[in-house]
Amino acid sequence: MSDPIRSFLAIELPNFLKFKLEEFIRSLQKKTGKTKWVKESNLHLTLKFLGNQPAEKINALIPALTGGYPPLPPFRLTTTKFGAFPSKQRPRVFWLGTAATPQTTLSDLRNRIENSLEPLGFEKETKPFRPHLTLGRSKIPEDFSTLWEYVETHPFPPFSFEVNHFVLMRSILKPEGAEYRILQKFSLRK
Ligand code: 2AM
C-alpha cells in the first residue's frame, strides 16, 4: 500500500488578504519571542483536518465532495477580531475570526463536508466549528501583555472576499515547517 497522505480541506485566501495579514503578523512578531507565526503562503481557513490517510481513501473523497444536492452557493467572508485558543490568558493558537454572509453558508459547507465524508470513514468533528485563520502558534509560554495591548490599539481591519471554491490540501511536514500543496479544487455553484 502507498504511504499515507496528510491532508485537510481549506478555504484559500486571496493574495491581497494574505499580504495584509503578513504585514499584521510582522507587527505581532515584534511583540513576541518564541511564538511561531504562519508564513504568508500557508495562511488559510481550515474546514476539516483529515490527518494521515491512505491514498485510496483520499481518492474516494473527491467524488463524494463533487456535486451534492442542493448545490452550495458562493458566499462572502469578512475578517473579524483577533483572539486566541484556548484563552487569552493561556494562548496556544492566535487567530483572526471570520464571518460569512449570508451567515449560514459557511456552516452549510462545513456540514456538507462532514456528512459527505462520514460514510467514507472520516469521523465527524464533535467540537463546534469556530472558523478562524490561524496566524501563530505558541508552545513555550511567554508574556503576551504587549501583544494584547498592541492589538487593542491596532485592530486588523475587516476585509471581505468571495469564496467560490475550497481545496483539498496536502501537508508535507518538514523541519523548517509544513509545506502545503493543492491536490484538488471544489467549486461552489453560482
Ligand atoms: P488551524 O488552522 O485551526 O490551526 C493543517 O495542519 C491545518 O489543519 C491547520 O491549519 C490546523 O488548523 C488544522 N488541524 C486541525 N487539527 C489538527 C491536528 N490535530 N494537527 C494538525 N493540524 C490540525
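By convention here, the first residue in the shown sequence is residue 1.
Ion pair Glu114/Lys48 flagged as a salt bridge, since at least one NZ, NE, NH1 or NH2 atom sits closer than 4.0 Å to an Asp/Glu carboxylate oxygen.
With contacts defined as side-chain heavy-atom distances shorter than 4.5 Å, the pair Phe24/Val151 qualifies. Residues Arg6 and Leu173 are in side-chain contact: their nearest non-hydrogen atoms beyond the backbone lie under 4.5 Å apart. At a threshold of 4.5 Å between non-hydrogen side-chain atoms, the residues Glu162 and Phe75 do not count as touching.
With sequence neighbours excluded, the residues that form a side-chain contact (heavy atoms from CB on, under 4.5 Å) with Arg92 are Pro86. For Lys124, the salt bridge (charged side-chain N to carboxylate O under 4.0 Å, His left out) partners two or more places apart in sequence, or in a different chain, are Glu118. Contacts of Arg26 classified as salt bridge (charged side-chain N to carboxylate O under 4.0 Å, His left out), with partners at least two apart in sequence or in another chain: Glu22. Every residue two or more places apart in sequence or in another chain that forms a side-chain contact (heavy atoms from CB on, under 4.5 Å) with Phe85 is listed here: Val93, Trp95, Arg130, His132.
Atom CG of Leu45 and atom OG1 of Thr98 lie 5.0 Å apart (nearest 0.5 Å).
Counting Ile, Leu, Val, Met, Phe, Trp and Tyr side chains that sit under 4.5 Å apart, directly or through other members, Phe8 shares a hydrophobic cluster with Phe49, Val167, Met169, Tyr180, Ile182.
When only modelled atom types and interatomic distance are considered, Ser7 and Gln53 share no side-chain donor-acceptor pair under 3.5 Å.
Shortest non-hydrogen contact noted between Ser160 and Phe16 is O-CZ, 3.5 Å.
Under the salt bridge (charged side-chain N to carboxylate O under 4.0 Å, His left out) criterion, the residue pairs touching residues 172-185 are Lys174-Glu179, Glu179-Arg181, with sequence neighbours excluded.
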